[in-house]
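Beneath this line is the structure, given in structure tokens, with notes to follow.
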Amino acid sequence: MKRFAPLILIVVVMGLAGLAQSALNDYYQRVLSVIAINIILAVSLNLTNGYSGDFSLGHAAFMAIGAYTSAILTLPARTKAVAMPDLPPWLAQAELPFVVAALVGAGLAALVAFLVGIPVLRLRGHYLAVATLGLMVIVQVVALNWQPVTRGARGISGLPPFTTPLWAYGWMLIAVAVIWRIVHSPLGRAMMAVREDELAAACRGVSVFRTRLLAFVCGALFASIAGALWAHLITAITPSSFSFLITFNVVAMVVIGGAGSISGSVIGAVLMTLLPELLRRVETTLAIGGQPLYGLSQIVIALMMLAVMLFRPQGLMGRRELPDVLGGWVGAQRAPSPAPAEAAGEA
Amino acid sequence: MLTPSYIAQQFINALNMGSIYALVAIGLTVVYGILRLINFAHGDMMTIGAYLGLAVLTALALPAWAALLIPMLVVGALGVLIERLAYRPLRGAPEVAMLITSLAISSLIQNGATMTLTAQPRPVRLPAELTQRVDVLGVNFAVMDVVIVGLAVALMIALTLFVQRTTLGIAMRACSENVRVTQLMGVDVNRVIAVAFAISAGLAAVAGVLWSGKFGLVDPFTGFVPGLKAFVAAVIGGIGNIPGAMLGGYLLGFAEVFFVAFTPPQVSGYRDAFVFVLLLVVLLVRPTGLLGAREVNRA
């Protein structure tokens with residue numbers, strides 16, 4: 001029974017996504033897709049921030065790379081001839097299917113993460129946080145200034161609306177499955193060892209730098225996929241679509257859900273998507289002195305982060321996974337997460 | 001284009017930017033030296049200062065010096081309050097906890113300002129005697145430019161005297177060397193940290209007033225990017241080191257202004273990217289900064 005659990009989960013999720021796609025109106029389809037995209041973002045950021053213990057703030061940078069690459073590669077050549085007349089001919093001619101374009105973007109993001117990671121991952125803690133934030137600023141500035149390719153501040157609009165719940169949840173399942181496999185493999189255990197004690201990990205033969213770099217590259221890869229999905233959901237992107245706000249919200253999902261827990265990131269992502277969505281209505285309907293309360297949902301997110309830091313710093317799930325918590329459900333005799341990290345999480 | 005007066009004007013511009021960056025960087029560095037916290041909400045203290053300055057000038061119609069003094073005192077007190085409520089309970093927690101908290105506070109201030117004051121930028125009109133332009137040997141500048149540099153230098157001198165001469169200042173320096181040992185020597189560390197936060201936030205508020213006065217606008221995100229750039233300045237000089245922050249602030253001001261002034265328009269748009277590339281280069285070549293030789297472990 002236990003062996004088939006993932007398979008059942010996949011069938012159920014895809015079945016529900018298919019059902020949603022045929023039965024629900026545009027608004028609900030959109031919210032559901034955003035949830036899936038945010039799950040991809042949170043789970044992939046968790047790989048660096050939660051499992052390897054490198055606090056990165058550069059996730060929006062990789063999203064932007066994925067979004068712009070996919071946008072430029074999928075737009076019809078006719079549209080590009082009008083909107084982006086200065087594109088190099090091979091880019092202007094390119095009309096790739098969504099999957100291929102997303103994969104190209106992911107490859108590009110992984111390459112950038114690799115090249116940037118080599119110097120940047122020599123840093124730790126705060127320095128790494130600010131350096132990755134700097135990466136985000138750099139990508140944004142490039143998107144703003146590289147007029148012939150990105151159209152600058154005008155952004156690219158009229159993208160084909162490829163992202164449906166089926167696409168979003170398909171990619172989400174792939175992302176979660178791959179990252180779950182990584183975390184529960186020797187590589188994942190190496191990441192946790194690096195997080196707990198770098199020196200000890202190195203003494204046990206873990207290549208510390210390579211492990212951190214792999215986690216960073218893998219996180220970037222899936223962030224880029226999420227970016228592509230986002231671009232073809234909203235169908236318009238500008239440099240400011242991938243700002244600090246996005247990074248902050250993804251960090252909030254990871255922190256609130258529990259850094260070091262995949263189910264925690266999933267829960268955090270669902271919570272942090274639905275809650276602001278509900279509050280967004282309040283922002284415009286409830287008003288003090290005739291003025292709508294823009295910013296209210298972000299304030300609530302920030303307050304939740306503060307509360308979590310003060311009262312439950314390990315986040316909702318800590319370092320446990322859902323099967324651990326649910327106990328006997330779906331045969332949890334085989335403890336899925338490695339014991340040492342768990343013990344540390346409870347400490 | 002490259003006339004002597006153009007170069008001189010850019011020089012004044014760079015001195016201005018450098019002075020403001022230095023003031024903000026000092027605040028970051030003073031707190032970092034003691035708590036090892038990069039306060040992401042530091043730039044937002046600038047924003048609050050700028051709004052308060054605007055309110056003092058317009059709503060209260062007080063003279064310009066009050067528009068500096070009142071924000072400095074109020075935001076300084078706010079800094080102490082934030083430390084007491086948000087950072088002190090986390091002392092001893094993993095360093096990432098305080099980092100995340102400062103991110104949350106930053107978001108809280110930005111969105112609180114958006115909600116109460118709207119995201120619309122507000123014009124900041126300085127008193128006429130400050131916007132008046134002077135012409136010295138063919139170099140044209142506003143009185144405000146002189147005020148910015150003069151005030152920044154005065155504040156830096158005052159801070160240096162405070163840190164070198166007063167007991168509290170010496171205790172502050174001792175804390176940046178080693179908090180635990182300082183505590184064992186009978187110093188009230190909580191008081192020292194409170195003072196550090198007061199100085200940090202107060203200087204940021206002054207910088208915010210000057211910044212909004214110089215650019216004539218304030219919005220809820222005014223301080224965010226200068227706050228990040230001040231971090232770059234602090235790192236260039238050697239974070240945790242006050243003279244380093246001053247040096248780093250001016251170096252960054254000059255690098256940025258000259259980059260914009262002496263590159264073609266299609267390149268100068270990359271100014272913010274240039275600043276962060278500069279940060280990466282400095283971190284890689286000399287991770288402890290120009291004046292910070294001591295801190296080996298960058299954890």
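Here is the naming used below: chain letters follow the sequence lines, and residue numbers restart at 1 for every chain. All values below were derived from every heavy atom in this structure, side-chain atoms included, with hydrogens, water molecules and symmetry-related copies excluded.
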Item to check | Top contributor to chain B interface from L144(A), V300(A), L133(A) [non-hydrogen pairs under 4.5 Å] | outcome: L133(A)
Checklist entry - Is R122(B) close to L117(B) at the side-chain level, that is, under 4.5 Å between some pair of heavy atoms? => result yes
Next on the checklist: If you count every heavy atom of other residues, nucleotides or ligands that lies below 6.0 Å from F262(B) atom CZ, does the total exceed 12?
Outcome noted: yes
Item to check | Top contributor to chain A contacts, counting heavy-atom pairs under 4.5 Å, from A86(B), P220(B), S107(B), G112(B) | outcome: S107(B)
Would you tabulate the side-chain donor-acceptor contacts of residues 77-84 of chain B under 3.5 Å, counting partners in other chains and residues two or more places apart, or write 'none'?
from	atom 1	to	atom 2	distance (Å)
E83(B)	OE1	R88(B)	NH2	3.3
E83(B)	OE2	R91(B)	NH2	2.7

Next on the checklist: With a 3.5 Å distance limit and no angle check, can you tell me whether T114(B) reaches the backbone of Q110(B) through a side-chain donor-acceptor pair?
Outcome noted: yes
Checklist outcome for this item: Applying a strict 4.5 Å limit to non-hydrogen atoms, the region of L279(B) in contact with chain A is side chain
Checklist entry - Would you find a donor on one side and an acceptor on the other, under 3.5 Å apart, between the side chain of T238(A) and the backbone of G155(A)? => result no
Checklist entry - Are side-chain heavy atoms of E256(B) and L278(B) found at a separation under 4.5 Å? => result no
Checklist entry - Are any non-hydrogen side-chain atoms of T29(B) and N241(B) less than 4.5 angstrom apart? => result no
Item to check | Structural part of L103(B) lying under 4.5 Å from a heavy atom of chain A | outcome: both
Item to check | chain B-proximal positions within residues 45-59 of chain A [heavy-atom distance under 4.5 Å] | outcome: F55(A), L57(A)
Checklist entry - Given a strict heavy-atom distance threshold of 4.5 Å, which part of V142(A) is in contact with chain B: side chain, backbone, both, or neither? => result both
Next on the checklist: So, applying side-chain contact (heavy atoms from CB on, under 4.5 Å) with F62(A), which one of V139(A), L41(A), L135(A) is it?
Outcome noted: L135(A)
Checklist entry - chain A heavy atoms under 4.5 Å from F274(B): which part of the residue, side chain, backbone, both or neither? => result neither
Checklist outcome for this item: The interface call for V235(B) against chain A, heavy-atom contacts under 4.5 Å, is side chain
Checklist entry - Between L99(B) and chain A, which part of the residue has a heavy atom less than 4.5 Å away: side chain, backbone, both or neither? => result side chain
Next on the checklist: Need one label for L280(B): side chain, backbone, both or neither, based on atoms under 4.5 Å from any heavy atom in chain A.
Outcome noted: side chain
Item to check | S241(A) side chain vs I237(A) backbone, donor-acceptor pair below 3.5 Å | outcome: no
Next on the checklist: Between P313(A) and chain B, with a heavy-atom cut-off of 4.5 Å, which part of the residue counts as in contact: side chain, backbone, both or neither?
Outcome noted: neither
Item to check | side-chain contact (heavy atoms from CB on, under 4.5 Å) partners of E277(A), counting only residues at least two apart | outcome: Y27(A), V31(A), R280(A)
Checklist outcome for this item: Scored by heavy-atom pairs under 4.5 Å with chain B, the best of Q140(A), Q298(A), M305(A) is Q298(A)
Item to check | Part of F231(B) within contact of chain A (heavy atom distance under 4.5 Å) | outcome: side chain
Item to check | Enclosure of R312(A) CZ (heavy-atom neighbours >12, cutoff 6.0 Å) | outcome: yes
Item to check | salt bridge (Lys or Arg N to Asp or Glu O under 4.0 Å) partners of D219(B), counting only residues at least two apart | outcome: none
Item to check | Interface moiety of L228(B) toward chain A, non-hydrogen atoms closer than 4.5 Å | outcome: side chain
